[in-house]
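Since the structure comes first, as structure tokens, the remarks are kept for the end.
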2 protein chains.
Amino acid sequence: MDIHVQIKMNEKLFLRDPEQSELGKKIIQNSILLIYKNGFEAFTFKKLALDIGSTEAGIYRYFENKHRLLIYLTAWYWSWLEYQVTFQTNNIQDPVVKLKMIIDLLATTVEDDIRTSYVDESLLHQIIITEGTKAYLTKRVSEDNKDHLFKPYKDLCAIIGKMILECNPHYKYPKSLASTIIEMAHFQNFFMTNLPSLTDFGENKDESEIVRFLEDLVFSSLHVVH
Amino acid sequence: MDIHVQIKMNEKLFLRDPEQSELGKKIIQNSILLIYKNGFEAFTFKKLALDIGSTEAGIYRYFENKHRLLIYLTAWYWSWLEYQVTFQTNNIQDPVVKLKMIIDLLATTVEDDIRTSYVDESLLHQIIITEGTKAYLTKRVSEDNKDHLFKPYKDLCAIIGKMILECNPHYKYPKSLASTIIEMAHFQNFFMTNLPSLTDFGENKDESEIVRFLEDLVFSSLHVVH
DNA sequence: CTGTAAAGATAGTGATACTATCTTAATAAA
DNA sequence: TTTATTAAGATAGTATCACTATCTTTACAG
């Protein structure tokens, strides 16, 4: 069985759909490599074009600018993660177990999903940790939001919020707790690696400790034993 | 009594101390206005120079580049907030009350401190919400950290971590909970304003609800009634 | 055989992120 | 009073960035 997972992206995210051509796929694949390696600030379309043996103008036919490409990558990641969450929590009845599964998916190193040929999820995960928030921390956030560019992120947040309410229907802040889990899964990881004194995981640098922290945070808030 | 609060900044944050000259103070004052207005991405030394009637080269004598200036502003803000925390929690014995005070200081709109003449803390607070994380979410974070550029942030985090342990000496993640409170005080505020569906405060857009969320989060985790 | 569209090739523009140098102004030491 | 020092203004210059425009080639579909 040779399954390909394809994620349908909002058309406003690009000028020309990168999934529909070889050049488009190369843009995605190599932008991930380049941003992972040098960071988003140092990333330019010129360098990317050089890497894939195309031209700057060629890349501008797919994406308006590099910020739009970043939004595309984050949107792709959150869509893929929602798919993972749906898949992995399928057939699990207990919402507490489901929520633990989600925390694990958020906070644990992602393995490359071979069914998505040109996206290396493990690199993309690292990009999201360091650059993900920059997609929305801008002056343009409201306009971009009107174009539904952050829908995958908001969808995932809504799913987690629902799961939280399933664990405790009386909890008052399901959406805020959901966005807290998502962001902290990444921030605590970044801190652990780069600014360890901001965490309690400096010694071992072990992701499973982040998972335990988040579980403790969530289930204490929900007054649920886990 | 005419008290001036001056914050001693790490010398690596600048090339020439902006607090020691009129031009330096203008750079700080107007960079805050400009970043507040247009965001950090659109901010350039050229525009700033034009605003204050100086030259680009003049500003480069104070700061290596605009990223360093952002780090300076964030460091200044965290130092000032640590001072606020120390001041406001002085003479309070109960660590729970202290912690509530800190959450309030973190999550509530800051008023301009008239004792700091050329820094508008309320604008700076807004800048920190949107741009603050960009100071450290870079490829250079480790080098910058070695130069102790993030010390004020880490100091504040350590203070909050201590306070958390005072509330519950058995709690296992004081530092991670501290950094979570700090970041979420800002993120929930940003979400509330710009992406309200990620929070439970969309209706009223009231900061006091963020405070209640954070208090619930913290004191549930610490198993302390508040 | 022709029309269409993607992509390559090339050029150009204005802004950005600096660096360099020279001059002037202010102040402080000799 | 002269001289040395330093900050700041004035001006210029460069490489890169972030695009935009146009023209040609290639591919493939009708």
Side-chain angles (χ1 to χ4, degrees), chain A residues 9 11-31 34-35 37-73 118 131 134-135 138-140 143-144, chain B residues 9 11-31 34-35 37-73 118 131 134-135 138-140 143-144:
Chain A
M9 303 295 287
E11 302 213 340
K12 296 227 171 166
L13 284 163
F14 47 75
L15 298 171
R16 180 173 301 164
D17 188 353
E19 307 213 325
Q20 301 303 321
S21 73
E22 280 313 304
L23 179 59
K25 289 174 191 171
K26 270 202 218 165
I27 289 172
I28 301 305
Q29 183 172 32
N30 288 276
S31 65
L34 216 47
I35 295 172
K37 203 172 157 218
N38 306 319
F40 184 65
E41 271 69 45
F43 170 78
T44 71
F45 279 4
K46 180 106 197 177
K47 289 176 195 164
L48 176 60
L50 210 73
D51 263 32
I52 61 183
S54 181
T55 61
E56 228 183 327
I59 294 162
Y60 276 105
R61 289 192 184 108
Y62 284 82
F63 293 99
E64 240 177 280
N65 52 53
K66 72 169 181 167
H67 186 249
R68 279 292 167 118
L69 174 53
L70 179 64
I71 298 180
Y72 179 93
L73 293 177
Y118 55 93
E131 321 289 357
K134 296 173 190 170
T138 69
K139 282 278 157 187
R140 282 192 51 93
E143 293 158 67
D144 289 344
Chain B
M9 303 294 287
E11 302 213 341
K12 296 226 171 166
L13 285 163
F14 48 74
L15 298 171
R16 181 173 298 167
D17 188 352
E19 307 213 325
Q20 300 303 321
S21 73
E22 280 313 302
L23 179 60
K25 288 173 189 171
K26 271 202 218 164
I27 290 172
I28 300 305
Q29 184 173 31
N30 288 277
S31 66
L34 216 49
I35 296 172
K37 202 172 158 216
N38 307 320
F40 184 65
E41 271 67 45
F43 170 77
T44 71
F45 278 4
K46 182 108 195 172
K47 290 176 196 164
L48 177 58
L50 211 71
D51 262 31
I52 60 182
S54 182
T55 61
E56 228 182 326
I59 294 162
Y60 275 105
R61 290 190 184 110
Y62 282 82
F63 292 99
E64 241 177 280
N65 52 54
K66 71 169 182 168
H67 186 249
R68 280 291 167 119
L69 174 54
L70 179 65
I71 298 181
Y72 179 93
L73 292 178
Y118 54 93
E131 322 289 358
K134 295 173 190 170
T138 69
K139 282 277 158 187
R140 283 192 50 93
E143 293 158 67
D144 288 345

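Below, chain A is the first sequence line, B the second, and so on; all start at residue 1. Not measured: the values here are computed from a predicted model.
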Nearest whole Å is fine: how far is [N] [atom2] from [X] [atom1]?
| X | N | atom1 | atom2 | value |
| --- | --- | --- | --- | --- |
| B:Asp17 | D:dT6 | CG | P | 17 Å |
| B:Gln20 | C:dA26 | CD | P | 20 Å |
| A:Glu56 | D:dC17 | CD | C1' | 8 Å |
| B:Tyr60 | C:dT21 | OH | P | 17 Å |
| A:Ile59 | D:dC17 | CD1 | C1' | 13 Å |
| B:Asn38 | C:dT16 | CG | C1' | 15 Å |
| B:His67 | C:dT16 | NE2 | P | 19 Å |
| B:Glu41 | D:dA18 | CD | C1' | 14 Å |

Which nucleotide in the list [options] gets nearest to the side chain of [X]?
| X | options | answer |
| --- | --- | --- |
| A:Arg61 | D:dC23, D:dA8, C:dT10 | D:dC23 |
| B:Ala57 | C:dC22, C:dT19, D:dC17 | C:dT19 |
| B:Thr44 | D:dC17, C:dG8, C:dT16 | C:dT16 |

When you check every protein heavy atom under 4.0 Å of nucleotides 25-30 of chain D, what one-letter string (B, S, -) results, 5' to 3'?
------
Could you tell me how the ring of B:Phe40 sits relative to the ring of B:Phe43: parallel (under 30°), tilted (30 to 60°) or perpendicular (over 60°)?
parallel
Under a 4.0 Å threshold between the charged nitrogen and the carboxylate oxygen, would B:Arg68 count as salt-bridged to B:Asp144?
yes
Does [X] reach a base, just sugar-phosphate, or nothing at all? Heavy atoms under 4.0 Å.
| X | result |
| --- | --- |
| B:Arg16 | sugar-phosphate |
| B:Tyr62 | sugar-phosphate |
| B:Lys26 | nothing |

Is it the case that over 12 heavy atoms from other parts of the model lie below 6.0 angstrom from the [atom1] atom of [X]?
| X | atom1 | value |
| --- | --- | --- |
| B:Lys139 | NZ | yes |
| B:Lys12 | NZ | no |
| A:Lys47 | NZ | yes |

Identify which one of A:Leu15, A:Ile28, A:Ile71, A:Leu48 satisfies the side-chain contact (heavy atoms from CB on, under 4.5 Å) criterion when paired with A:Phe63.
A:Ile28
Between B:Ser54 and A:Lys66, whichever has its closest DNA chain D nucleotide further toward 5' is B:Ser54
For B:Tyr62 and B:Ser21, which I'm curious about, is there any donor-acceptor pair between the side chains at under 3.5 Å?
yes
For C:dA7, take OP1 and OP2 only and decide whether either is under 4.0 Å from a side-chain N or O of A:Ser21.
yes
Any B:Lys46 side-chain N or O less than 4.0 Å from OP1/OP2 of C:dC18
no
